[in-house]
Amino acid sequence: MTSEAAIESADLPDPGAVLARNAWDSLEHAYGTAEGTPKMLAELLDDDQRVRSKALDHLHHAVHHQNTLYSATVPAALYVAAIVASPRTAVPVDKKPHDFPGPLRMELLGWLGSVAREADDETEAISRQHGFAPEDYPPILHVRQIRPLLFLAVSACIDDPDLHVREAAIAACIPLLDDSRLCQHRPTLVTLLKEVLGVSALWQYRERAIDTLAAWGEDSTGLEGQREAFAVCDAHDDATPWPAGEPFRPSDTSDLPF
């Protein structure tokens, strides 16, 4: 069986099994043991918007705090991948001023993309420049091992009827395609980068499309990113959102683990 065929035949795990089969009390996130994480993950599908919004905050601020990968991040990512396309994620969540628009599904895709970026080639190169060997850090290795499954989940949302979800799905695919088992999907994504992400109303997506096309040796003629480099820094209103899963979240300071 070829690697591509193996990927196509792979199945996402049952979300309930992910919660039940992991020894969460032996895993860690930013604040110590992850024994409470299964309950929070299950609450992502709660009918109460406040409950699922709190569960989403747990993903951002504990399981993947400040873009760090922890031992609990990988099973959490598998759970999120298993539920992201569920009809129960096409629901609203509470928003902060700089959050991207879109339902819970968009937020979960942004989170998966952020997890994937912390194990991509660019992050590896930066880490090595600072004397840090990614292969010595198990969470990075484990994220890389599950990239085909993450891609299976994320790519299933590329044709979502909600434009915000489609954009988040395309963006989340980008770091996953550094994987040699997945790079054959780049030509398809190039078209989506030019026709969807590169013309997004959100400059952060446009910039990401342009940067990715350049990194892949593709032409980005006609695409426009953020014309004024400091516009987002100088803005005094809440009109410019910040992408789900990105490092800067203005209201995060009260949640620091120190």
For Glu43, all residues meeting salt bridge (Lys or Arg N to Asp or Glu O under 4.0 Å), sequence neighbours excluded: Lys39
Flag for Ser114-His64: side-chain donor and acceptor within less than 3.5 Å: yes
Smallest separation among heavy atoms of Arg147 and Ala119, with atom names: NH1-O, 3.2 Å
Glu118 and Thr68, any side-chain heavy atoms less than 4.5 Å apart: no
Heavy-atom side-chain proximity of Ser220 to Thr212 below 4.5 angstrom: no
Side-chain donor or acceptor of Ser127 paired with backbone N/O of Pro134 under 3.5 Å: no
Heavy-atom donor-acceptor pair, Ser71 side chain to Glu28 backbone, under 3.5 Å: yes
Exam field: side chain His130 to backbone Ile126, donor-acceptor pair closer than 3.5 Å: yes
Polar side-chain atom of Asp14 near backbone of Gly16 as donor-acceptor pair, under 3.5 Å: yes
Least distance between heavy atoms, Trp216 atom then Val190 atom: CE3-CG2, 3.8 Å
Salt bridge (Lys or Arg N to Asp or Glu O under 4.0 Å) against Glu124, all qualifying residues, sequence neighbours excluded: Arg128, Arg144
side-chain hydrogen bond (donor to acceptor under 3.5 Å, both in side chains): pairs with one or both residues in residues 163-174, sequence neighbours excluded: Glu167-Ser200
Sidechain-backbone polar pair: Ser26 side chain, Ala23 backbone, donor-acceptor under 3.5 Å: yes
Residues that Asp159 engages under side-chain hydrogen bond (donor to acceptor under 3.5 Å, both in side chains), provided they are two or more places apart: none
Min side-chain heavy-atom separation Thr37-His58 under 4.5 Å: yes
Beyond-backbone contact of Gln49 with Asp94, side-chain heavy atoms, under 4.5 angstrom: yes
Presence of salt bridge, Arg52 and Asp57, under 4.0 angstrom: no
Linked, directly or transitively: Leu44 and Met40 (ILVMFWY side chains, under 4.5 Å): no
Just list the side-chain donor-acceptor pairs under 3.5 Å for residues 73-92, sequence neighbours left out, or say none.
residue	atom	partner	partner atom	Å
Thr73	OG1	Val63	O	2.7
Thr73	OG1	Tyr70	N	2.7
Thr73	OG1	Tyr70	O	3.2
Tyr79	OH	Leu41	O	3.4
Ser86	OG	Arg88	N	3.1
Arg88	NH2	Leu45	O	2.6
Thr89	OG1	Val84	O	2.8
Thr89	OG1	Ser86	O	2.8
Thr89	OG1	Arg105	NE	2.9
Thr89	OG1	Arg105	NH2	3.3

N/O donor-acceptor pair under 3.5 Å between Arg206 side chain and Val199 backbone: no
Nearest-0.5 Å distance, CG of residue Leu213 to CG of residue Leu193: 5.0 Å
Nearest-0.5 Å distance, CG of residue Leu223 to CD of residue Glu207: 10.5 Å
side-chain contact (heavy atoms from CB on, under 4.5 Å) assessment of Phe132 paired with Ile140: CA-CA 12 Å; Phe132 176 74; Ile140 292 179; 4.0 Å; yes
Hphob cluster co-occupancy, Leu108 + Leu163, side-chain heavy atoms under 4.5 angstrom: yes
Heavy-atom pair of closest approach, residues Leu177 and Leu182: CD2-O, 3.5 Å
Worked verdict on Arg117 versus Asp120 for side-chain contact (heavy atoms from CB on, under 4.5 Å): CA-CA 5 Å; Arg117 280 195 298 278; Asp120 68 6; 4.1 Å; yes
Output side-chain donor-acceptor pairs under 3.5 Å for residues 169-176, partner residues at least two apart or in another chain, one line each.
none

Heavy-atom side-chain proximity of Phe100 to Gln204 below 4.5 angstrom: yes
Side chain Asp99, main chain Lys95, donor-acceptor under 3.5 Å: no
Test item: Val93 and Pro103 side chains (from C-beta on) under 4.5 Å apart, heavy atoms: no
CZ-CH2 distance between Arg208 and Trp203, expressed to the nearest 0.5 angstrom: 10.0 Å
Taking every non-hydrogen atom, the tightest pair across His61 and Tyr31: O-CE1, 3.0 Å
Reported CG-to-NZ distance for the pair Asp48 and Lys54, which is rounded to 0.5 angstrom: 11.0 Å
For Asp178 against Arg186, the heavy-atom pair lying closest together: OD1-NH2, 3.2 Å
Gln184 to Ser180 - nearest heavy-atom pair and separation: OE1-O, 4.2 Å
